[in-house]
Visitor: 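Quick one: the structure is below, questions incoming.
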Amino acid sequence: MRELELIECLAQVLAPGGPRVLRWLGDDAAVVRARGYAVTSVDTLVDGVHFRSGQLTPTEIGQRAVGSALSDLAAMGAHGGEAYLALALAPGTALTDAVALCSGAQAAAASCGVTIAGGDVSASPTLTVSVTVVGWARDPGELVGRDGARPGDLVAVTGSLGAAGAGLALLDGRAGRAGRAGSDAISESVATALRDRYASPRPRLDAGLALSALGATAMIDLSDGLATDARHLAMQSGDRLELRLAALPLAAGVREVAAQLDVDPATFAATAGEDYELCACLPASAQEAVESGCLLKAGALDRPPITWIGRVLEPPAGLSFVDSVGPLSGYEHSA
């Protein structure tokens, strides 16, 4: 395809933003009216490493790229703002597939009130999608890092865990709908929901804002699995996180997939990764606010709900699951 032809098509797919986006596609750079403090993150997805194009549609690849990138803003308690999409397309990519990928990216951004304000297109031996996201905060004190957890805090997660890993197991063929026994069978609707959680992650921006308002001291999104990501909170904060596998909220279908894989369901949920839920440390006083329904005022954290899964203890820094037979680990990035 011709580059100009692709850019012309993308101008039709990517909707202009609100009044804060002053310059958009067609100029050498975007011009955006600032909203206080910028919160910026870059996320790159490479075919064969972070996804497999044979398993996902082009639309889903775009949704996955933007959704996972925006999850970093949710983990900081930032308001969504703008996204910038850089595509490096593999040889032979059809124009319709490139446009479908950008349509998926646009849908994911629009669902979060985010504008795709620019980007770049290029060629590459491997399909690569790089997304830069910019969020905003009026006061830097509203933002939540990974390093503020303190002894006495409680640890919580949003939503349910294990769905994305179970969805990938179904896509990979490591598990199937029929299972090996009747009790392991997975309905078509549940299988579809699991696949969707992997293909189209929903960034928890509203939940991140609500947790920040509740006084969250440390927070991270669960991309590499709770067992790895919660350890980041512990090490950055210099304290020990003590969690309970039995307390983890398992998504529908996770028990059945875990049974087919001959693994403990809670262990699977703690290590599979890519759920893009939030794990947060909060002062004990926040528990009463959560259970009294104050979250509706703080940002509708009842959708998704939060579950208390452990506590923060005195150093030495580290992570332990009190009901695990040994240490657990999720995905670890190689150098």
Visitor: Measure the spacing between CZ of R177 and OG of S187 and express it to the nearest 0.5 Å.
Guide: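 Going from the CZ atom of R177 to the OG atom of S187 covers 7.0 Å.
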Visitor: Would you find a donor on one side and an acceptor on the other, under 3.5 Å apart, between the side chain of S130 and the backbone of A86?
Guide: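 Checked: no pair found.
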Visitor: Without swapping roles, check the side chain of D97 against the backbone of P58 for a donor-acceptor pair under 3.5 Å.
Guide: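 Between the backbone of P58 and the side chain of D97 there is no qualifying donor-acceptor contact (under 3.5 Å).
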Visitor: Are D153 and R311 ion-paired here, with the side-chain N under 4.0 Å from a carboxylate O?
Guide: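 No salt bridge links D153 with R311.
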Visitor: Take E60 and R195 through the salt bridge (charged side-chain N to carboxylate O under 4.0 Å, His left out) test and state the conclusion after the steps.
Guide: CA-CA 11 Å; E60 289 171 334; R195 182 188 185 283; 2.4 Å; yes
Visitor: Nearest 0.5 angstrom please: Q63 CD to L101 CG, how far?
Guide: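 Reported value, rounded in 0.5 Å steps: 9.5 Å.
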Visitor: Working note: L278 + I220, criterion side-chain contact (heavy atoms from CB on, under 4.5 Å); need CA distance, chi angles, decisive distance, verdict.
Guide: CA-CA 6 Å; L278 300 179; I220 191 170; over 6 Å; no
Visitor: Looking at L127, is its backbone amide N or carbonyl O close enough to the side chain of S124 to form a donor-acceptor pair, meaning the two atoms are under 3.5 Å apart?
Guide: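 No; judged by distance alone, with no hydrogens or angles, the pair does not exist.
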Visitor: Can you check whether R244 reaches I309 side chain to side chain, under 4.5 Å on heavy atoms?
Guide: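 With C-beta onward as the side chain, the pair stays apart.
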Visitor: Ignoring hydrogens, what is the shortest heavy-atom contact between A252 and L194? Give both atom names and the distance.
Guide: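 Looks like O-CD2, 3.4 Å.
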Visitor: Could you check whether any side-chain N or O of T228 sits under 3.5 Å from a backbone N or O of G225, counting only pairs where one atom can act as donor and the other as acceptor?
Guide: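 No: the side chain of T228 does not pair with the backbone of G225.
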Visitor: Rounded to the nearest 0.5 Å, what's the gap from OG1 on T40 to CE on M76? Could you check?
Guide: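 Here the interatomic distance stands at 10.0 Å.
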Visitor: Does a salt bridge link E277 with R202, judged by any charged N lying under 4.0 Å from a carboxylate O?
Guide: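 No, this pair does not count.
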Visitor: Do M219 and L214 sit in the same hydrophobic cluster, where Ile, Leu, Val, Met, Phe, Trp and Tyr count as joined when their side-chain heavy atoms come under 4.5 Å apart?
Guide: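 Yes; L214 is reachable from M219 via cluster members.
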Visitor: Are any side-chain N or O atoms of S212 and backbone N or O atoms of G208, one a donor and one an acceptor, separated by less than 3.5 Å?
Guide: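 Side chain of S212 to backbone of G208, a donor-acceptor pair under 3.5 Å: no, none is there.
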Visitor: Ignoring hydrogens and angles, tell me if any N or O in the side chain of D239 forms a donor-acceptor pair with the backbone of A317 under 3.5 Å.
Guide: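 No; judged by distance alone, with no hydrogens or angles, the pair does not exist.
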Visitor: With a 4.5 Å heavy-atom cut-off, do W308 and V290 have their side chains touching?
Guide: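 With C-beta onward as the side chain, the pair touches.
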Visitor: Would you sort out whether L282 and T217 count as a side-chain contact (heavy atoms from CB on, under 4.5 Å), showing the intermediate values?
Guide: CA-CA 6 Å; L282 298 117; T217 56; over 6 Å; no
Visitor: Start with the C-alpha distance between T307 and L248, add both sets of side-chain angles, then the distance that settles side-chain contact (heavy atoms from CB on, under 4.5 Å), and finish with yes or no.
Guide: CA-CA 7 Å; T307 302; L248 301 187; over 6 Å; no
Visitor: Are R20 and E82 within salt-bridge range, i.e. N to O under 4.0 Å?
Guide: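 E82 and R20: salt-bridged.
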Visitor: Short question: side chain of R64, backbone of Y198 - any donor-acceptor pair under 3.5 Å?
Guide: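 Yes; judged by distance alone, with no hydrogens or angles, the pair exists.
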Visitor: Do L73 and P203 come close enough that some side-chain heavy atom pair is under 4.5 Å?
Guide: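 No, side chains not in contact.
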Visitor: Grouping I, L, V, M, F, W and Y whenever their side-chain heavy atoms are under 4.5 Å apart, do V263 and V257 come out in a common cluster?
Guide: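 Same cluster.
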Visitor: Heavy atoms only: give me the nearest D43-A69 pair and the separation to one decimal.
Guide: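 D43 and A69 have their closest heavy atoms at OD2-N, 3.7 Å.
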Visitor: State, yes or no, whether a side-chain contact exists between D229 and D221 at a heavy-atom distance under 4.5 Å.
Guide: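 Contact flag for D229/D221 side chains = no.
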Visitor: Test your reading of the model: is there a side-chain donor-acceptor pair from S68 to the backbone of A65, 3.5 Å cut-off?
Guide: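 Yes; judged by distance alone, with no hydrogens or angles, the pair exists.
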Visitor: Indicate whether the side chain of T57 and that of T59 have a donor and an acceptor atom separated by less than 3.5 Å.
Guide: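 No, no side-chain donor-acceptor contact under 3.5 Å.
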Visitor: Can you check side-chain contact (heavy atoms from CB on, under 4.5 Å) on V114 and V133, steps first, answer last?
Guide: CA-CA 9 Å; V114 169; V133 290; 5.9 Å; no
Visitor: Measuring only between side-chain heavy atoms, which start at C-beta, is R240 closer than 4.5 Å to E314?
Guide: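 They are not in side-chain contact.
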Visitor: Rounded to the nearest 0.5 Å, how far does CG of L14 lie from CG of L85?
Guide: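 L85 CG to L14 CG: 7.0 Å, rounded to 0.5 Å.
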Visitor: Does any part of the side chain of S160, heavy atoms only, come nearer than 4.5 Å to the side chain of R197, both counted from C-beta?
Guide: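 In contact.
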Visitor: Using a 3.5 Å distance criterion without hydrogens, assess whether the side chain of D264 forms a donor-acceptor pair with backbone atoms of A266.
Guide: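 It does hold such a pair.
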Visitor: Indicate the atoms forming the closest heavy-atom contact of A78 with L205, along with that distance.
Guide: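 Reported closest heavy-atom pair: O-CD2, 3.8 Å.
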Visitor: With no hydrogens and no angle check, is any side-chain donor or acceptor of S103 less than 3.5 Å from a backbone partner on V99?
Guide: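 Yes; at least one donor-acceptor contact below 3.5 Å.
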Visitor: Under a single-linkage definition using a 4.5 Å side-chain heavy-atom cutoff for Ile, Leu, Val, Met, Phe, Trp and Tyr, are L154 and L313 assigned to the same hydrophobic cluster?
Guide: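 No, L154 and L313 fall in different hydrophobic clusters.
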Visitor: Please give me the minimum heavy-atom distance between V254 and A163, naming the atom from each residue.
Guide: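 Scanning both residues, the minimum pair turns out to be CG2-N, 3.8 Å.
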Visitor: Could you check whether atom CZ of R23 has more than 12 heavy atoms from other residues, nucleotides or ligands sitting under 6.0 Å from it?
Guide: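 For R23, atom CZ is not crowded (no more than 12 foreign heavy atoms under 6.0 Å).
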Visitor: Which distance, rounded to the nearest 0.5 Å, do you find between the CZ of F268 and the CG of L261?
Guide: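 With rounding to 0.5 Å, CZ (F268) is 6.0 Å from CG (L261).
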Visitor: Give the C-alpha distance, both sets of side-chain angles, the deciding distance and a yes or no for side chain to side chain donor-acceptor pair (under 3.5 Å) between D47 and S53.
Guide: CA-CA 6 Å; D47 191 3; S53 56; 2.8 Å; yes
Visitor: Quick check: is L241 connected to V322 through a chain of hydrophobic side chains (ILVMFWY, heavy atoms under 4.5 Å apart)?
Guide: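 Different clusters.
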Visitor: If we only count heavy atoms from C-beta on, is the Y84 to V131 side-chain gap below 4.5 Å?
Guide: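 No, every pair of side-chain atoms sits at 4.5 Å or beyond.
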Visitor: Does atom CZ (R255) have a neighbourhood of more than 12 heavy atoms from anything else shown, all under 6.0 Å?
Guide: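 No, not enclosed.
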Visitor: Write down the atom of T93, the atom of A90, and the distance for their closest heavy-atom approach.
Guide: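 Scanning both residues completely, I find the closest heavy atoms to be OG1-O, 2.6 Å.
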Visitor: Using every non-hydrogen atom in the two residues, find where D275 and G162 come nearest and quote the distance to one decimal.
Guide: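 In terms of heavy atoms, the two residues are closest at OD2-N, 2.7 Å.
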Visitor: OG/S223 to NE2/H50 distance, rounded to the nearest 0.5 angstrom?
Guide: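 Separation between the atoms: 10.0 Å.
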Visitor: Are the side chains of S320 and L243 in touch, meaning some heavy atoms are under 4.5 Å apart?
Guide: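 A side-chain contact under 4.5 Å is absent here.
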Visitor: If you link ILVMFWY side chains whenever their heavy atoms are less than 4.5 Å apart, which other residues fall into the same cluster as V31? By chain and number, please.
Guide: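 Via sub-4.5 Å side-chain contacts, V31 links to L22.
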Visitor: Can you hop from L45 to I116 via hydrophobic side chains spaced under 4.5 Å?
Guide: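 Looking at the clustering, I116 is in the same group as L45.
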